[in-house]
Amino acid sequence: MSPIAPQSEAELMQRVEQIAGMDLAMLASRLGLTPPDTLLHHKGWAGQLLEKILGADAGSLAEPDFRQIGVEMKTLPINRNGQPIEATYVCTVPLQTLGENWASSWVRNKLKRVLWVPIEGDRDIPVHNRRIGQGILWSPSSQQEEALRQDWEELMDMVCLGDIEKITAKQGAYLQIRPKAADSTVKTQAVGSSGGKILTHPRGFYLRTRFTAEVLDSVHRQPPD
DNA sequence: AGCTGATCATAT
DNA sequence: ATATGATCAGCT
């Protein structure tokens with residue numbers, strides 16, 4: 001029962017509500033699958049399972065997971081207090097671009113509309129017992145987008161000026177740049193310090209947990225009485 | 001204990 | 001190689 005792609009956000013969220021509270025073993029069994037004992041060699045397993053369960057149809061294409069409705073899905077590992085455990089990968093950092101702007105950036109476009117699906121991620125919980133939380137369909141508030149834009153511009157200025165090797169994961173209040181590759185031997189072309197080309201580690205943009213924690217909070221917050 | 005840099009699997 | 005999906009694990 002591989003579901004058809006949802007044709008509306010309402011249809012998607014109906015499916016999301018139906019799986020809230022279920023654990024990974026229950027969801028996997030629907031597709032005749034069994035969760036791995038550990039995620040060490042299956043790091044994207046839960047995310048790919050959720051895509052199949054919810055009917056994502058973009059595969060490995062550089063498009064939103066739910067193409068018809070333009071929604072990107074991200075699983076979000078959380079601890080017992082409901083706080084995100086890991087940073088969230090967004091997309092590759094373009095290392096050869098010279099004059100990109102925030103409005104047309106890959107980061108902004110990826111984060112336009114996101115379905116966040118919290119999943120228990122504490123390592124002492126067996127993978128098959130980890131439960132799905134309440135999914136959140138989200139778009140950045142103007143304040144959130146502004147914060148991301150500032151980080152993005154600071155970081156991309158450095159990339160364009162040939163200072164990629166000076167960038168560390170400590171930079172960026174909410175958006176950071178970190179290596180993203182099979183291992184540290186992988187290299188790709190980038191703008192060098194003299195404007196020429198150099199080889200460097202491929203990098204990715206990641207959302208810090210302090211950002212995704214805010215996304216979760218914005219939903220749990222009770223309306224004023 | 002949290003964070004940064006490194007790493008793992010699969011598809012195209 | 002680079003896109004997709006992320007988590008691991010040593011260092012501070």
Side-chain angles (χ1 to χ4, degrees), chain A residues 5 24 27-28 31 33-67 70-97 105-107 109-111 114-128 130 132-133 135 151 155 159 164-190 197-213:
Chain A
L24 292 177
L27 285 180
L31 303 179
L33 303 175
T34 305
D37 289 335
T38 164
L39 295 182
L40 174 56
H41 298 287
H42 305 274
K43 294 185 179 180
W45 186 85
Q48 311 228 298
L49 173 68
L50 266 292
E51 286 185 349
K52 289 176 196 158
I53 289 287
L54 296 175
D57 60 343
S60 287
L61 301 179
E63 301 197 31
D65 295 304
F66 301 95
R67 302 164 76 177
V71 174
E72 174 75 15
M73 188 205 75
K74 298 243 167 247
T75 56
L76 189 58
I78 56 170
N79 64 21
R80 286 186 168 72
N81 299 320
Q83 298 298 117
I85 293 171
E86 292 279 355
T88 301
Y89 172 69
V90 179
C91 60
T92 301
V93 178
L95 296 175
Q96 304 197 67
T97 182
S105 71
W106 204 346
V107 172
N109 278 276
K110 276 257 180 184
L111 297 180
V114 180
L115 169 62
W116 299 98
V117 182
I119 301 184
E120 289 178 326
D122 286 314
R123 293 191 200 180
D124 60 357
I125 304 176
V127 174
H128 68 270
R130 296 185 188 180
I132 307 303
D151 286 340
L155 292 164
V159 169
I164 179 64
E165 301 291 17
K166 293 182 185 168
I167 295 178
T168 98
K170 296 181 179 62
Q171 283 176 257
Y174 297 101
L175 189 69
Q176 62 181 172
I177 285 182
R178 286 159 50 187
K180 166 69 173 171
D183 58 66
S184 63
T185 69
V186 178
K187 295 291 180 58
T188 192
Q189 221 164 52
K197 296 181 194 298
I198 61 166
L199 287 178
T200 188
H201 304 305
R203 317 295 169 94
F205 282 113
Y206 291 79
L207 293 174
R208 291 185 182 279
T209 54
R210 71 173 67 114
F211 186 88
T212 49

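Numbers restart at 1 for each chain; the letters A, B, ... are given by sequence-line order, proteins then strands.
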Can you name the atoms? Protein N/O to nucleotides 4-6 of chain B N/O, anything below 3.5 Å, with the distance.
residue	atom	partner	partner atom	Å
B:dT4	OP1	A:Ala169	O	3.3
B:dT4	OP1	A:Arg208	NH1	3.3
B:dT4	OP2	A:Gln176	NE2	3.2
B:dT4	OP2	A:Arg208	NH1	3.1
B:dG5	OP2	A:Ala169	N	2.8
B:dG5	N7	A:Arg178	NE	3.2
B:dG5	O6	A:Arg178	NH2	2.4

Counterpart residues, side-chain contact (heavy atoms from CB on, under 4.5 Å), relative to A:Trp106 (two or more places apart): A:Cys91, A:Thr92, A:Lys110
Most 5' of A:Ala181 and A:Arg123 on DNA chain B, judged by nearest nucleotide: A:Arg123
Rounded distance in Å - [atom1] ([X]) to [atom2] ([N]):
X	N	atom1	atom2	value
A:Gln48	B:dA9	CD	C1'	8 Å
A:Asn81	B:dA1	CG	C1'	13 Å
A:Leu39	C:dC8	CG	P	6 Å
A:Leu76	C:dT7	CG	C1'	13 Å
A:Trp116	C:dA6	CH2	C1'	12 Å
A:Tyr89	B:dT7	OH	P	17 Å
A:Arg80	B:dA1	CZ	P	14 Å
A:His42	B:dA11	NE2	P	13 Å

Is any side-chain heavy atom of [X] less than 4.5 Å from a side-chain heavy atom of [Y]?
X	Y	answer
A:Val114	A:Val71	no
A:His42	A:Leu49	no
A:Ile198	A:Glu165	yes
A:Gln48	A:Leu33	no

Short side-chain to backbone donor-acceptor contact, A:Asp65 and A:Met73, under 3.5 Å: yes
Side-chain (A:Lys74) to main-chain (A:Tyr89) donor-acceptor, under 3.5 angstrom: yes
Over all strands shown, is [X] touching base, sugar-phosphate only, or nothing at heavy-atom distances under 4.0 angstrom?
X	answer
A:Pro202	nothing
A:Gln189	nothing
A:Thr92	sugar-phosphate
A:Gly47	sugar-phosphate

Residue mapping more 5' on DNA chain C - nearest nucleotide basis, A:Lys74 or A:Lys187: A:Lys187
A:His41, nearest nucleotide to its side chain (from B:dA9, C:dA3, B:dT7): B:dA9
